[in-house]
Amino acid sequence: MPPETVERLRNAIRDVLDFPKPGIVFKDITPVLGHGTLFREAIDLFLERCRTQEIDKIVCIDARGFLFGSAVAYALGVGLIPIRKKGKLPYKTQRAAYALEYGEAEIEMHVDCLEPGERIVLIDDLLATGGTSASAITLITAIGGVLVEAQFLIELEFLHGREKLEPTPVISFLKY
Ligand code: AMP
C-alpha cells in the first residue's frame, strides 16, 4: 500500500463536527467517493488485501460498507452478503442488537446467506467502538461462516474497537 495513496485519502476525508450528535467528529468519506481516482484507490486497498486470501464471500454493513464491499466483491467475482438495519431484508432473518458510538441499533442478515464453512471477509467504511462489526461477526459465525478478516478504510483507534472483534484479525488502512 503506497504511503502517498494513504495520505491522499487521509487529506480527502472530511471531519464534520457534532454530526449526527454533539461531541461526535464524523469522518465524511463522500469526497473520496466523489473523486474517481481516490475512490478507485480506496477500493484497491481492500482488493490488494483480499487477493492474498482465499475468500468465498464478502459481508458488508448497511450502508457505507456496501459502497466498498460491493465493488470489491465484483472485482473478485465472489458473492456479497448485505447486513442491513432492522426491517430492510425481505426473507427470514437473524437479528443482533448493539450499541453505537452515537446511539443503538439492530442489524439483520438472511438466514440462508452462506453455507457452513464458507470463508468470509467483512468490509466496512469505519471501525469505531466495534459494536456493529462484532454483531455482524456473531451473526455470520452463528450460521457457520468462517471469518477470515475484518477490513476497514478507517479505524478510530482511541475507541479500541478491534478488541471487541477478537479473535477475528483486523486490518485498517487509515488510523486516527
Ligand atoms: P461502531 O459500531 O461504533 O464501530 O460504528 C461503526 C459504524 O458507525 C460504521 O459503519 C460507521 O459507518 C459508523 N460510524 C461510527 N462512528 C463514526 C464516525 N465518527 N464517523 C463516521 N462514521 C461513523
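Whatever order the structure lists ligands and atoms in, that order sets their numbers, starting from 1. The basis for the numbers below is simple: all heavy atoms, side chains too, and nothing from hydrogens, waters or symmetry mates.
Interatomic distance, I58 CD1 to F46 CZ, rounded to the nearest 0.5 Å: 9.5 Å.
Listed by chain and number, the hydrophobic cluster partners of F66 come to none, as no ILVMFWY side chain reaches under 4.5 Å of it.
A cation-pi geometry, defined here as NZ or CZ lying under 6.0 Å from the six-membered ring centre and within 45° of its normal, does not hold between R14 and F26.
Atoms of ligand 1 found under 4.0 Å from any heavy atom of L156, numbered from 1 in the order shown, are 19 (N). Atoms of ligand 1 lying under 4.0 Å from any heavy atom of T132, numbered from 1 in the order shown and given with element: 1 (P), 2 (O), 5 (O), 6 (C), 7 (C). Close approach to R64 involves these atoms of ligand 1, each under 4.0 Å from a residue heavy atom: 11 (C), 12 (O), 13 (C), 22 (N). Contact atoms of ligand 1 toward D125: 9 (C), 10 (O), 11 (C), 12 (O) (distance under 4.0 Å to a heavy atom of the residue). Those atoms of ligand 1 with a heavy atom of D124 less than 4.0 angstrom away are 9 (C), 10 (O).
Using a 4.0 Å cutoff on heavy atoms, S133 does not count as a contact of ligand 1. Using a 4.0 Å cutoff on heavy atoms, V25 counts as a contact of ligand 1.
Ring to ring, F158 and Y176 are not that close: their centroids are 6.0 angstrom or more apart.
With no hydrogens or angles considered, a side-chain donor-acceptor pair links Q53 and E149 at under 3.5 Å.
If you look at T129 next to ligand 1, the close heavy atoms, those under 4.0 Å, come from the backbone and the side chain alike.
A heavy-atom distance below 4.5 Å is not found between the side chains of L122 and Q151.
Atom 6 (C) of ligand 1 has its nearest heavy-atom neighbour, among I107, L126, I29, in L126.
Not a single N or O atom of A99, backbone or side chain, sits closer than 3.5 Å to an N or O atom of ligand 1.
Take E41 and apply the salt bridge (Lys or Arg N to Asp or Glu O under 4.0 Å) test, not counting sequence neighbours, and it matches R8.
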